[in-house]
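Remember, it's 1-based here, ligands and their atoms both numbered in the order they're listed. Bear in mind that the values here come from a model prediction, so they are computed numbers and not experimental data. Below, each value reflects all heavy atoms present in this structure, side chains not excepted, and no hydrogens, waters or symmetry copies.
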Amino acid sequence: MSKVASLEQLKTLPKIELHAHLSGSVRYSTILRLLNEELASDYHETSDEKLKSEIQLMEELKSKPTTNCTSHRSLTECFQIFTILHRLLSNLNILEQVTNEILHDFQSDNCVYLELRTTPRNIFDSKTGELKVSKEQYLKTVVNVIESFEKENLMKVRLILSVDRAKGLQDGLENVELAKKFKSKHVIGIDFSGNPHVDSFQNYESLFQLCDSYELKTTVHIAEIWEDKDVDFILKKIRPDRIGHSVCLTKEQIDYLIRNPIPIEICPTSNLVTKCVDVIENHPFYEFYTKKDTYPLVICTDDFGIFDTSLSREYSLISTAFNLSFKEMFDLSRRSIKCIFDQSNELVSFLEMVFNEFEKKNFE
Ligand code: IMP
Ligand code: ZN
């Protein structure tokens, strides 16, 4: 018998988002608006030809909705969009604007706690090569938006800094040092991400050790492609606080995780669109969910802008594929509290209160 929760119901559910990249969470409509504004402006560094081709690419992708999951964006296509986004977000006013928009988008979807992640970047003048914006200025801009947002809104926000595997150890080291410096300023951990076809996290072992010594929590993107050679190294040697994706796993690796759990950030649409799984019913989520009823699993969006989704929609995909009821989805959402990086009493009590109140109103 079907007991699937409707999208409308799931929108009302308090939710926790733990795997969302800032750049990937910019809406298509916003990217298109920004590109068109740049094209119409009197002075722009990028040529008209390039801007027009970027607008065309974004229009094409926008017209391929991911809702029915029949349209795919390869990881390569996704990384093409990141290049456009990174140019747009080189302007701190735009970075401020889009960060604020992302926070409001999550809150409107009833997200009550968000761990947003981003890769701090030094931004150089394309003509003179001079440093225009430092990583620290980039980070301060994002932190300021979060601080102002929290003064006026209920949703709590923390920040994770990403180490991009394509940028090398030195770049990553700078981000870990920056995270240490901004620890009291909303930054709580480090994400290891970037194009999985480039470099190996085995070259980053010293950074994992540094994160430990600075008491920074860690999360690592693993098994988003079948050729990922780092999986055993991460699961057995590094043992981070959470892992992202974790889809392309062998039976032995799944069994190992069930015996030695690490919380998993599940990103259904991202995995479907990049063809990590063919249909959601084959997602290993269900194996973890059914084999060990306490396995820590958190449903996330990854890049809700690029994948044209929302946190509620990700919940809906899981509920529909695995016939999970509204109450089961509620329990799953509440279980996310155990996986958040900021385990301070004040925050955990706040989240428990929100979930308890919802439970009383809806299920008692
Ligand atoms: P940013 O760090 O806010 O600029 O967000 C974009 C960055 O997140 C990309 O350049 C990648 O390094 C990373 N990213 C986003 N989605 C994925 C993914 O699915 N796999 C690996 N890395 C990703
Ligand atoms: Zn990701």
Side-chain angles (χ1 to χ4, degrees), residues 17-26 30-31 66 72-92 94-96 98-99 101-103 114-123 133 135 138-139 141-143 145-146 159-168 171-172 174-175 178-179 187 189-201 204 218-225 227-228 230 234 240 242-248 264-277 298-309 311 314:
E17 168 69 79
L18 301 183
H19 186 142
H21 299 268
L22 192 154
S23 303
S25 303
V26 186
T30 303
I31 304 176
T66 57
H72 299 289
R73 285 154 182 59
S74 65
L75 267 175
T76 310
E77 256 177 340
C78 293
F79 280 91
Q80 246 180 311
I81 309 176
F82 286 131
T83 310
I84 300 176
L85 277 159
H86 287 157
R87 200 195 64 247
L88 290 170
L89 302 190
S90 296
N91 174 325
L92 290 187
I94 293 181
L95 177 66
E96 202 177 290
V98 300
T99 305
E101 184 175 278
I102 290 165
L103 300 187
L114 163 68
E115 285 180 10
L116 187 65
R117 55 185 76 184
T118 195
T119 326
R121 287 176 301 119
N122 286 322
I123 299 162
V133 176
K135 285 185 177 189
Y138 176 98
L139 179 56
T141 305
V142 176
V143 168
V145 175
I146 294 175
L159 201 53
I160 295 175
L161 301 193
S162 299
V163 166
D164 183 343
R165 62 197 293 167
K167 289 188 174 167
D171 189 87
E174 289 166 12
N175 299 356
L178 210 49
V187 176
I190 295 288
D191 154 54
F192 290 80
S193 54
N195 192 336
H197 297 286
V198 180
D199 206 355
S200 155
F201 287 137
Y204 289 75
T218 53
T219 174
V220 188
H221 282 64
I222 59 159
E224 55 184 319
I225 53 169
E227 306 85 69
D228 189 346
D230 291 340
I234 297 295
R242 292 200 305 254
I243 45 180
H245 298 297
S246 312
V247 178
C248 308
I264 304 179
E265 302 151 358
I266 306 275
C267 307
T269 297
S270 167
N271 300 152
L272 278 170
V273 174
T274 61
K275 295 187 186 170
C276 208
V277 280
V298 189
I299 299 173
C300 303
T301 54
D302 202 9
D303 299 294
F304 83 73
I306 287 188
F307 298 127
D308 198 15
T309 185
L311 192 50
E314 299 307 289

Which N, O or S atom of H221 lies nearest to the Zn ion (ligand 2), by name:
NE2
Taking only non-hydrogen atoms of H245 and a 4.0 Å limit, the atoms of ligand 1 in range are 19 (O)
Charged N to carboxylate O below 4.0 Å: is that the case for K167 and E174?
no
Is a donor on one side and an acceptor on the other found under 3.5 Å between the side chain of Q80 and the backbone of F82?
no
Under a 3.5 Å distance rule, please check whether T141 uses its side chain to pair with a backbone N or O of L139 as donor and acceptor.
no
Closest approach to the Zn ion (ligand 2) by D302, given as the N, O or S atom name
OD1
List ligand 1 atoms under 4.0 Å from G194, heavy atoms only on the residue side.
12 (O), 21 (C), 22 (N)
Are C276 and H245 close enough that some pair of their side-chain heavy atoms sits under 4.5 Å apart?
no
Aromatic F192 / basic R165 pairing, under 6.0 angstrom, 45° off normal:
no
Using a heavy-atom cut-off of under 4.0 Å, does the side chain or the backbone of D302 touch ligand 1, or both, or neither?
side chain
Give the C-alpha distance, both sets of side-chain angles, the deciding distance and a yes or no for salt bridge (Lys or Arg N to Asp or Glu O under 4.0 Å) between E265 and R117.
CA-CA 13 Å; E265 302 151 358; R117 55 185 76 184; 3.2 Å; yes
Could you tell me whether E224 and ligand 1 have an N or O pair separated by under 3.5 Å?
yes
Below 4.5 Å, heavy atoms only, C-beta onward: do H21 and I306 meet side chain to side chain?
no
Taking 2.8 Å as the cut-off, does H21 contribute an N, O or S atom near the Zn ion (ligand 2), distance below it?
yes
Within the 4.5 Å heavy-atom criterion, are D164 and N175 side-chain neighbours or not?
no
Short list, please: which atoms of ligand 1 are under 4.0 Å from a heavy atom of T118?
1 (P), 2 (O), 3 (O)
Under a 4.0 Å heavy-atom limit, does I306 contact ligand 1 with its side chain, its backbone, both, or neither?
neither
Run the contact test for H86 against ligand 1 with a 4.0 Å cut-off on heavy atoms, strictly below, and give the result.
yes
Show the atoms of ligand 1 that are less than 4.0 angstrom away from any heavy atom in T119.
1 (P), 2 (O)
Output the list of atoms in ligand 1 that are nearer than 4.0 Å to some heavy atom of L22, sorted by atom number.
3 (O)
Decide yes or no for L18 and R242: does some side-chain heavy atom of the first lie under 4.5 Å from some side-chain heavy atom of the second?
yes
Does ligand 1 come near enough to S270 that some N or O of the ligand is less than 3.5 Å from an N or O of the residue?
no
